[in-house]
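One structure is given below, encoded as structure tokens.
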2 protein chains.
Amino acid sequence: MPRTADHAERRSQLIAALVRVAARDGLHAVTMRSVAAEAGVSLRLVQYYFDTKAQLVHAALRHLEAQSNQRWAARLADQPDPVEPRVVVEAFLAEALPTDEPSRVFHTVWTSYAVLAMTDPDLAAQPFVDGPNHLEAQLAQLLRRAQDQGRIPADRNPAIEAARLLMVTHGLGTSILVGRHTPDAAQAVLRYHLDRLFPPA
Amino acid sequence: MPRTADHAERRSQLIAALVRVAARDGLHAVTMRSVAAEAGVSLRLVQYYFDTKAQLVHAALRHLEAQSNQRWAARLADQPDPVEPRVVVEAFLAEALPTDEPSRVFHTVWTSYAVLAMTDPDLAAQPFVDGPNHLEAQLAQLLRRAQDQGRIPADRNPAIEAARLLMVTHGLGTSILVGRHTPDAAQAVLRYHLDRLFPPA
DNA sequence: CTGTATATGATACCCAGGTATCATTATTGG
DNA sequence: CCAATAATGATACCTGGGTATCATATACAG
């Protein structure tokens with residue numbers, strides 16, 4: 001029947017435009033019109049693919065969430081198994097620090113969403129608790145194994161260690177975003193933390 | 001000449017109204033009209049005391065900042081000097097966790113501002129770097145003294161310890177706000193961290 | 001008292017932005 | 001090649017919200 005554009009592809013383009021706007025000008029600057037302009041298309045097109053703004057925003061959030069999950073999974077899969085536990089943990093956590101520009105964009109937008117979710121009942125807050133919970137569980141698992149291998153002292157509690165590791169990392173992440181820490185300084189703190197978690201032989 | 005209302009007092013009322021709105025409905029819900037309604041006054045009155053919305057918002061930010069500073073100062077002053085260093089540190093950090101309702105309100109609004117400042121050049125980002133910097137310096141000072149007293153092992157770096165202590169606390173704070181941690185759970189993690197910083201005798 | 005500066009109220013203007021409507025342009029199966 | 005459907009464009013409507021204007025009330029100095 002009609003000419004066929006790739007719907008999924010179109011939506012991705014629009015969501016990418018939204019993310020760029022949100023990262024550059026803030027989530028409050030995301031409007032149907034600004035997204036259209038950023039994507040170089042007409043307002044009507046945005047309406048065509050996303051009936052309402054709420055749908056657009058939710059789609060973008062789900063997109064970021066999926067993207068995040070898949071990156072974490074890749075981080076884990078990329079690591080060959082027999083490598084040093086500390087290296088695995090360090091690589092794993094690097095994903096949570098907004099070091100390069102794409103990562104910075106991602107974290108800026110994600111954080112904006114999280115803050116929105118604090119007060120907006122329409123925006124599901126679940127991703128912001130489920131995501132970290134999942135990461136923490138994976139981390140705890142890694143730490144438990146490292147402890148079994150004797151790389152972490154026996155008197156440490158892997159579950160709590162995972163929790164505070166995530167907290168340190170998250171704290172450093174937002175600190176970078178806000179311009180208080182350089183990525184390098186943040187990584188130094190993180191390394192210090194890991195030095196104490198994995199005592200040198 | 002005219003009847004005199006207490007300007008400063010009026011402004012405080014309006015700012016308090018703004019904070020309530022921001023904490024309840026989000027910073028995006030803060031409008032001249034919503035603040036007026038929340039304060040139970042007319043829109044015109046808000047305009048009278050704050051010519052523009054930007055002024056109102058900036059005033060509120062400064063108010064929160066001042067309030068924060070003074071609470072931290074009180075935290076420090078309240079502690080008698082000869083007490084256990086760990087107790088001082090713990091009390092100090094308790095201020096950074098949104099445990100009770102007023103504190104939660106404060107942190108919610110403060111965080112909203114911080115996220116805004118990430119992308120809004122008009123909103124000074126300085127408070128969000130100066131504030132923590134100052135706290136970190138004070139913390140480092142406390143830790144140095146504790147180390148001199150032998151309460152903290154000599155191989156620790158007080159400056160970095162202060163940094164990550166702040167990061168853990170900040171991470172826990174936002175985690176509470178987002179509903180991922182209960183205040184109790186957060187405090188447990190913090191205690192665990194302090195247990196390792198101040199090894200038991 | 002009374003005028004004058006202060007304080008408050010009512011309301012209007014105007015733009016931005018979400019949504020809706022109508023039209024027009026492709027594309028492709030028959 | 002044509003009709004039907006998908007895709008895109010132009011534009012209008014309406015509300016919310018920042019700002020501006022005009023009017024009124026209040027209090028105190030002289």
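Below, chains carry the letters A, B, ... as their sequence lines are ordered, and counting in each starts from 1.
In this structure, the CG atom of A:L56 is 14 Å from the C1' atom of C:dG17, given to the nearest Å. Separating the NE2 atom of B:H58 from the C1' atom of D:dG18 is a distance of 16 Å, rounded to the nearest angstrom. If you take NE2 of A:H28 and P of C:dG18, they are 13 Å apart, rounded to a whole angstrom. Rounded to whole Å, atom C1' of D:dT15 lies 14 Å from atom NZ of A:K53. Taking atom CZ of B:R11 as the reference point, atom P of C:dA7 lies 11 Å away to the nearest angstrom. With rounding to whole Å, A:F50 atom CZ is found 19 Å from C:dA20 atom C1'. Rounded to an integer number of Å, the gap from B:Y48 OH to D:dC22 C1' is 16 Å. Atom CG of B:D25 is separated from atom P of D:dG17 by 11 Å (rounded to the nearest Å).
Judged purely by distance below 3.5 Å, without hydrogens or angles, the side chains of B:R44 and B:Q47 never pair a donor atom with an acceptor atom. No donor-acceptor contact under 3.5 angstrom links the side chains of A:Q55 and A:D51, judged on distance only.
Nearest heavy-atom pair, A:A114 versus B:V178, reported as atom, atom and distance to 0.1 Å: O-CG2, 4.3 Å. The two residues B:L177 and B:R104 make their nearest non-hydrogen contact at O-NH2, 3.4 Å. Between A:V168 and B:M167, the shortest heavy-atom contact is O-CB, 4.0 Å.
With salt bridges taken as basic N to acidic carboxylate O contacts below 4.0 Å, one links A:R180 and B:E136. A salt bridge links B:D155 to A:R196: one of the charged nitrogens lies within less than 4.0 Å of a carboxylate oxygen. Look at A:R86 and A:D195 and you find a salt bridge, because one of the NZ, NE, NH1 or NH2 atoms lies within 4.0 Å of a carboxylate O, short of that distance.
Proximity note for B:Y49 (side chain, C-beta onward) versus C:dA7, D:dG18, D:dA7: the nearest is C:dA7. Checking D:dT19, C:dG18, C:dT8 against the side-chain heavy atoms of B:R10 singles out C:dT8 as nearest.
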Protein-nucleic acid N or O pairs under 3.5 Å, nucleotides 14-16 of chain C:
none

Please write out the pairs of protein N or O atoms and N or O atoms of nucleotides 9-11 of chain C separated by less than 3.5 Å, giving the distance to one decimal.
unit_1 : atom_1 : unit_2 : atom_2 : d
C:dG9  : OP2    : B:S42  : OG     : 3.0
C:dG9  : O6     : B:R44  : NE     : 2.9

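Counting any heavy atom pair closer than 4.0 Å across all strands shown, A:S34 reaches no nucleic acid atom.
In this structure, B:H7 reaches the C:dA7 phosphate: one of its side-chain N or O atoms is under 4.0 Å from OP1 or OP2. For D:dG18, neither phosphate oxygen OP1 nor OP2 lies less than 4.0 angstrom from any side-chain nitrogen or oxygen of B:T52.
By the ring-ring contact (aromatic ring centres under 6.0 Å, His included) test, B:F50 is found to be paired with no residue, residues two or more places apart in sequence or in another chain being considered.
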